[in-house]
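Since the structure comes first, as structure tokens, the remarks are kept for the end.
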Protein chains: 2
Amino acid sequence: MNQSLIEYKECSDCPIRHRAVCARCEGEELDHLESIKYYRSYTAGQSMIWAGDRMDFVASVIEGVATLSQTMEDGRTQMVGLLLPSDFIGRPGRDIAPYHVTAISDVTVCCFRKKPFEELLVTTPQIGQRLLEMALDELDAAREWMLLLGRKTAREKISSLIAIIARRDTELKALLPSGEVSVVLPLTREAMADYLGLTLETVSRQISALKKDGIIQLEGKRKVIIPDLETLMEETGDDTDGGPLY
Amino acid sequence: MNQSLIEYKECSDCPIRHRAVCARCEGEELDHLESIKYYRSYTAGQSMIWAGDRMDFVASVIEGVATLSQTMEDGRTQMVGLLLPSDFIGRPGRDIAPYHVTAISDVTVCCFRKKPFEELLVTTPQIGQRLLEMALDELDAAREWMLLLGRKTAREKISSLIAIIARRDTELKALLPSGEVSVVLPLTREAMADYLGLTLETVSRQISALKKDGIIQLEGKRKVIIPDLETLMEETGDDTDGGPLY
DNA sequence: CTACGCGCTTGATCAAGATCAAGGCGCATT
DNA sequence: AATGCGCCTTGATCTTGATCAAGCGCGTAG
């Protein structure tokens, strides 16, 4: 998360910096559109949107990482999604935010006015298709997370989280996902706990245990060195033969 | 679940029974289309699709209830979705099933050939939009379930499940969701456990406890009478003021 | 420099839910 | 009627992770 997914380029038509190539959407460009309203920035840790807020816009994350979370009255909170560059916040036909959105790193979003955006969906089917694909991918991710939350042990949860981050990092860098890998955890222990349905103490203990067992090494609190990704994968409880089937 | 969501009507053009009005999709008709391949039926308890199966079709549930589930090698399983009439199985652009699909009641699905279906998405944008909406609704449901799995106690989980079923039932029957309500649980204790991330013993114990505390009454194993839905709602840990915000 | 706060670690204890085990009820088959 | 099976309940015990508590390291504000 420490390296930008986006290259920007200047545009002669308007004063806004435009996304040129996004690593996740394969060069597709959605943002040079009439319906762009404005860009907006948030600093790490800032609450971007509160559950219940009125949303008169649809936003797309341009840079940075944000989280979606839900909270119960007594304060128990569960993270339910990560928002990465190219992900959308808000949705057509619903104007109250159902989740709390928090910036994890510094975040820039590109906001579309709701009405024009909805019209766009009708006039430009490929945008709708792209959104459908993204929604289905998120649904798959959410379901994988349900397995983790419902059935995995604390150690498996932590291992899964580290493995997922490592895998995404290596994918981004187009490296082979094997051998020694090092990643920087973009989350505090507490955020990890919220993500995994654990307490921060348990997260800390399990990380220490993985370290003691030589599965991972630590450099400071956040940087994790994985001597062998395969070994870590064995701790996740996932199918060993090659991750997701599809 | 014991009453059909669908009215059928005969069609003079072809030998297939067509859906006339579906309670969930508000009368919309998707199925009288060139791309229909065939209807298929499954009996309660039957496995419809296994994770890893090749899927050369996209199906829509016409009648009955099915579940989506994921399994770890050692047998731990987690249900990740309920498939109700009008829900889709399979998706454009992916031809290996990622989940295990099991019929809970007798199920009828309507299968579309994959290719024509994908073409349909391009030529008929409103179908894509409908799918997008459905995917986003499922995503919301999945996220609510993540909160349940990650942060709720066993008692809250069971209460939530019963409340959800009750609410859906009363919605279907267009009744006020308050006062005395009775529902038939469409799941075995084991299926409930798989849904809630619990063991079947815990499910059984918590149901007994709710009964002892007068929150619910039982008639046989499956029929639940809820003297006061509000009281049950208090056990779910959810926001009391009116369920989902949106 | 000192004090404070934040993020993290570690220890001691507790409790919720899992696990292991036995038995009950309803129902279909013989 | 007897048998067996699927589904459920209940009890005894164990384990995992939560909770409560103390303290460390580091950056920053005063």
Side-chain angles (χ1 to χ4, degrees), chain A residues 43-46 67 72 74-78 102 104-105 148-162 184-213 216-224 235 237, chain B residues 43-46 72 74-78 102-105 148-162 184-213 216-224 235 237:
Chain A
T43 57
Q46 194 179 358
T67 63
M72 296 168 70
D74 61 4
R76 284 176 278 176
T77 93
Q78 175 65 51
T102 312
I104 282 199
S105 59
L148 178 146
L149 289 171
R151 293 302 187 196
K152 288 192 179 178
T153 64
R155 175 184 260 246
E156 288 169 338
K157 286 179 177 182
I158 296 285
S159 304
S160 298
L161 180 61
I162 297 174
V184 175
L185 302 175
L187 305 168
T188 66
R189 300 289 124 107
E190 190 179 16
M192 289 188 239
D194 284 345
Y195 215 140
L196 300 170
L198 297 171
T199 58
L200 67 91
E201 294 95 328
T202 300
V203 170
S204 181
R205 269 187 256 273
Q206 292 299 332
I207 289 181
S208 300
L210 286 175
K211 181 178 157 197
K212 189 162 73 63
D213 296 350
I216 60 172
Q217 289 151 27
L218 288 182
E219 228 181 86
K221 312 286 186 187
R222 296 295 194 86
K223 185 165 181 190
V224 175
E235 300 291 333
Chain B
T43 57
Q46 194 177 358
M72 296 169 70
D74 61 3
R76 282 176 280 174
T77 92
Q78 174 65 51
T102 311
I104 281 200
S105 59
L148 178 145
L149 289 172
R151 293 302 185 196
K152 288 192 179 177
T153 65
R155 176 183 259 244
E156 288 169 338
K157 287 179 176 182
I158 296 285
S159 303
S160 298
L161 181 61
I162 296 174
V184 175
L185 301 175
L187 304 168
T188 65
R189 300 289 125 114
E190 190 180 15
M192 289 188 237
D194 283 345
Y195 215 142
L196 300 170
L198 298 170
T199 59
L200 66 92
E201 292 95 329
T202 300
V203 170
S204 182
R205 268 187 257 271
Q206 293 299 333
I207 289 181
S208 299
L210 286 175
K211 180 179 158 195
K212 189 163 72 65
D213 296 348
I216 60 171
Q217 289 152 26
L218 288 182
E219 227 180 88
K221 311 286 185 184
R222 296 296 194 87
K223 185 166 181 188
V224 176
E235 299 291 332

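Hydrogens, waters and symmetry mates are skipped; everything else that's a heavy atom, side chains included, is used.
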Is the closest side-chain heavy-atom distance between [X] and [Y] below 4.5 Å?
X	Y	answer
A:R222	A:T188	yes
B:I207	B:I216	yes
A:Q206	A:E235	no
B:L149	A:R151	no

For [X], answer base if it contacts any base atom (sugar-phosphate contacts may also be present), sugar-phosphate if it contacts only those atoms, and nothing otherwise; contact means non-hydrogen atoms under 4.0 Å.
X	value
A:G45	nothing
A:R151	nothing
A:L198	sugar-phosphate
A:G220	nothing

In whole Å, what is the span from the [atom1] atom of [X] to the [atom2] atom of [N]?
X	N	atom1	atom2	answer
A:L210	C:dT10	CG	C1'	16 Å
A:Q206	C:dT9	CD	P	12 Å
B:L187	D:dG6	CG	P	19 Å
A:L196	D:dG17	CG	C1'	13 Å
B:R205	C:dA18	CZ	C1'	9 Å
B:R155	C:dA16	CZ	C1'	13 Å

Which listed nucleotide (D:dA21, D:dG17, C:dC8) is nearest to the side chain of A:T188? C:dC8
Of the candidate nucleotides D:dG17, C:dC8, C:dA18, which contains the atom at the shortest distance from the side chain of A:K221? C:dC8
Is a donor-acceptor pair below 3.5 Å formed from side chain [X] to base [N], judging by atom type as modelled?
X	N	value
B:R189	D:dG6	no
A:E201	D:dC20	yes
B:R76	C:dT19	no

Which atom names give the shortest non-hydrogen contact between A:L185 and A:M192, and what distance separates them?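 Smallest heavy-atom distance, with atoms named: CD1-CE, 3.6 Å.
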